[in-house]
Amino acid sequence: MYNITSKIAEEFISDSEIRDTMLYAQENSANRALVKEILHKARECKGLSHREAAVLLECNQPDLIEEMFELAREIKHKFYGNRIVMFAPLYLSNYCINGCVYCPYHGKNKTIRRKKLSQEEIRQEVIALQDMGHKRLALEAGEHPVHNPIEYILESIKTIYSIKHKNGAIRRVNVNIAATTVENYRRLRDAGIGTYILFQETYNKTNYEVLHPTGPKSDYAYHTEAMDRAMQGGIDDVGIGVLFGLETYRYDFIGLLMHAEHLEATYGVGPHTISVPRLCMADDIDTADFKNAVPDEVFYRIVAIIRIAVPYTGMIISTRESQQSRARLLELGISQISGGSRTSVGGYVNEETPEENSAQFDVADHRTLDEIVEWLLDLNHIPSFCTACYREGRTGDRFMSLIKNGQIANCCLPNALLTLKEYLKDYASPQVREKGEAMIKRLLQSVPNEKARATADKYLNAIDDGKRDFRF
């Protein structure tokens with residue numbers, strides 16, 4: 001039985017509801033009047049149901065698909081402007097006891113080099129990331145009760161926040177670790193994390209159990225209900241996602257939106273972010289072994305329709321995607337990207353050879369952070385290193401209320417410009433600095449509130465004088 005506010009995984013992610021939705025979407029995919037009606041509703045920027053979104057995904061009429069793309073661009077610009085938040089993953093350990101068949105960290109993999117960072121090694125990694133210009137990290141670690149207990153994660157967070165190197169500081173640590181208890185989520189909240197992120201991988205319970213045959217992660221219900229426990233533990237910024245390619249994209253697309261609807265209906269706030277990784281090659285993993293690969297054009301539609309269906313939510317794409325794909329996806333809904341990423345343990349200090357590989361997956365975009373910042377500037381996107389909302393307490397429903405009424409623009413644009421200015425002064429190459437300064441000068445005038453605009457101008461001048469960390 002489908003029950004959107006149930007705390008039971010198989011009720012708020014109902015297999016029968018997903019299959020009924022898929023059938024409904026197929027039956028109505030050629031119904032132009034219905035598709036037009038759904039798009040008209042979407043223009044109100046209040047979101048769509050999973051059934052409405054599924055109809056859009058199933059529609060194959062070129063002019064309507066282009067209308068979806070255009071609407072996604074409009075909605076993205078309305079809520080996020082041209083701002084693109086920058087972050088980097090930091091892999092603490094690849095020890096893992098799970099048996100996930102698509103992940104090289106699986107416990108039976110004997111070819112990958114196992115490694116766990118000491119606190120001193122974490123310090124060196126963080127300094128390397130600060131020297132690039134990063135302010136926001138996403139912690140990653142395999143699930144292992146001995147090597148990676150919650151105490152290790154908490155100690156690592158404390159270490160990261162303690163490091164101040166030159167003008168560098170990590171101001172927000174997001175955490176992507178295995179599903180855990182309400183008490184451990186409280187401990188993560190008290191440690192000052194930003195967003196708790198956990199990918200469902202796939203919402204198809206039968207397939208999930210095949211893909212996760214052993215280890216704690218094999219418990220579908222415990223994993224799927226993790227965000228409920230995180231909310232109960234006081235973490236009101238959570239990030240969801242699926243690994244597209246494990247299951248048919250239609251099934252997981254619907255499940256993903258049902259999960260977002262469940263969080264909104266049950267806790268009054270939907271996911272802070274939605275991530276859309278695609279299955280890619282990695283050590284002892286060949287994508288040819290999986291039959292649900294998602295073609296580029298379908299993937300672009302998925303991103304665009306998620307943006308239409310969940311207009312207020314941040315959307316994340318990683319360096320799994322190529323430069324070409326990322327450029328297209330930025331237009332269609334993505335608001336956060338990683339830059340200069342390493343997916344190996346200790347990879348920011350020591351670049352690994354193929355024989356030393358400890359990476360979780362192959363990176364498709366190998367550019368440095370400075371190259372990506374320049375690329376974004378050339379595309380007229382604003383590279384933002386902002387972490388102000390979390391540090392000012394604008395999380396959960398407080399953040400959502402600001403973004404829904406449009407007031408967030410008086411915070412986000414000046415904060416983006418201030419953090420870009422810091423990057424330009426401290427880390428950018430001369431040509432990137434010149435391009436960035438020109439953008440700041442041009443966009444400062446578009447801050448809606450006159451008082452906020454004047455204050456931002458004052459703070460920008462103070463950054464020129466050597467001061468740092470201003471925020472709205």
Show, in sequence, the C-alpha distance, side-chain angles and deciding distance for R171 and E422, and conclude whether the salt bridge (charged side-chain N to carboxylate O under 4.0 Å, His left out) test is met.
CA-CA 13 Å; R171 299 170 180 167; E422 287 184 340; 3.0 Å; yes

Any carboxylate oxygen within less than 4.0 angstrom of a Lys/Arg side-chain nitrogen, looking at [X] and [Y]?
X: R391; Y: D469; answer: yes
X: R433; Y: D426; answer: no
X: R73; Y: E70; answer: yes
X: K76; Y: E331; answer: no
X: D365; Y: R367; answer: yes

Verify whether one side chain among [X] and [Y] offers a donor that lies under 3.5 Å from an acceptor in the other.
X: D236; Y: H272; result: no
X: D370; Y: S429; result: yes
X: Q200; Y: H259; result: no
X: N167; Y: Y427; result: no
X: R114; Y: N109; result: no

For [X] and [Y], indicate whether the former's side chain and the latter's backbone hold a donor-acceptor pair under 3.5 Å.
X: T419; Y: N415; answer: yes
X: Y161; Y: V173; answer: yes
X: Y249; Y: V298; answer: no
X: S338; Y: S341; answer: no
X: Y80; Y: Y312; answer: yes
X: E52; Y: S49; answer: yes
X: N148; Y: A141; answer: no
X: Y196; Y: N176; answer: no
X: E264; Y: G270; answer: yes
X: R301; Y: L57; answer: yes

Considering non-hydrogen atoms only, spot the tightest contact between [X] and [Y] and give its length.
X: P311; Y: I75; answer: CB-CG2, 3.6 Å
X: A452; Y: V447; answer: CB-CG1, 4.0 Å
X: V349; Y: E125; answer: N-OE2, 2.8 Å

Residue pair [X] / [Y], side-chain heavy-atom distance below 4.5 Å:
X: M231; Y: R229; answer: no
X: L377; Y: V432; answer: yes
X: H223; Y: L198; answer: yes
X: L376; Y: I382; answer: no
X: Y91; Y: Y105; answer: yes
X: I334; Y: V276; answer: yes
X: P145; Y: I97; answer: yes
X: I170; Y: R136; answer: no

What's the separation between atom [atom1] in [X] and atom [atom2] in [Y], rounded to the nearest 0.5 Å?
X: N94; Y: R113; atom1: CG; atom2: CZ; answer: 8.0 Å
X: S446; Y: R453; atom1: OG; atom2: CZ; answer: 8.5 Å
X: K135; Y: L129; atom1: NZ; atom2: CG; answer: 11.5 Å
X: L329; Y: R307; atom1: CG; atom2: CZ; answer: 12.0 Å
X: R172; Y: I160; atom1: CZ; atom2: CD1; answer: 14.0 Å
X: D228; Y: E225; atom1: CG; atom2: CD; answer: 6.5 Å

Among T224, L263, T5, which residue meets the side-chain contact (heavy atoms from CB on, under 4.5 Å) test with F12?
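Per the side-chain contact (heavy atoms from CB on, under 4.5 Å) rule, the option paired with F12 is T224, out of T224, L263, T5.
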
Sequence-distant partners of F87, ring-ring contact (aromatic ring centres under 6.0 Å, His included), two or more places apart:
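Applying ring-ring contact (aromatic ring centres under 6.0 Å, His included) to F87 gives none.
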
Contacts of H147 that satisfy ring-ring contact (aromatic ring centres under 6.0 Å, His included) - sequence neighbours left out
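Once residues adjacent in sequence are excluded, the partners of H147 under the ring-ring contact (aromatic ring centres under 6.0 Å, His included) criterion are Y95, H144.
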
Taking everything shown except [X] itself, do over 12 heavy atoms lie less than 6.0 Å from its [atom1]?
X: E450; atom1: CD; value: no
X: Q323; atom1: CD; value: yes
X: K441; atom1: NZ; value: no
X: Q232; atom1: CD; value: yes

Can you tell me how the ring of F470 sits relative to the ring of Y459, calling it parallel under 30°, perpendicular over 60° and tilted otherwise?
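Ring orientation of F470 relative to Y459: parallel.
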
Yes or no on side-chain contact (heavy atoms from CB on, under 4.5 Å) for D252 and L256, after CA distance, side-chain angles and deciding distance?
CA-CA 6 Å; D252 277 337; L256 184 67; over 6 Å; no

Looking at residues at least two apart in the chain, or sitting in another chain, which of them share a salt bridge (charged side-chain N to carboxylate O under 4.0 Å, His left out) with [X]?
X: R43; value: E67, E74
X: K421; value: E437, D464
X: D457; value: none
X: K78; value: none

Among R328, R326, R278, side chain to side chain donor-acceptor pair (under 3.5 Å) partner for E321
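Result: among R328, R326, R278, R278 is the only option passing the side chain to side chain donor-acceptor pair (under 3.5 Å) with E321.
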
Exactly one of E143, E201, H106 should register a side chain to side chain donor-acceptor pair (under 3.5 Å) with K217. Which one does?
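Option passing the side chain to side chain donor-acceptor pair (under 3.5 Å) with K217: E201.
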
Run the salt bridge (charged side-chain N to carboxylate O under 4.0 Å, His left out) check on K158 and E155 step by step: do they pass?
CA-CA 5 Å; K158 184 177 181 180; E155 183 184 10; over 6 Å; no

Taking the six-membered ring for Trp, are Y423 and F385 ring centroids under 6.0 Å apart?
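Yes, they do, as the ring centres are separated by less than 6.0 Å.
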
Residue pair E392, R471: steps toward the side-chain contact (heavy atoms from CB on, under 4.5 Å) verdict:
CA-CA 9 Å; E392 291 293 320; R471 60 184 184 268; 2.8 Å; yes

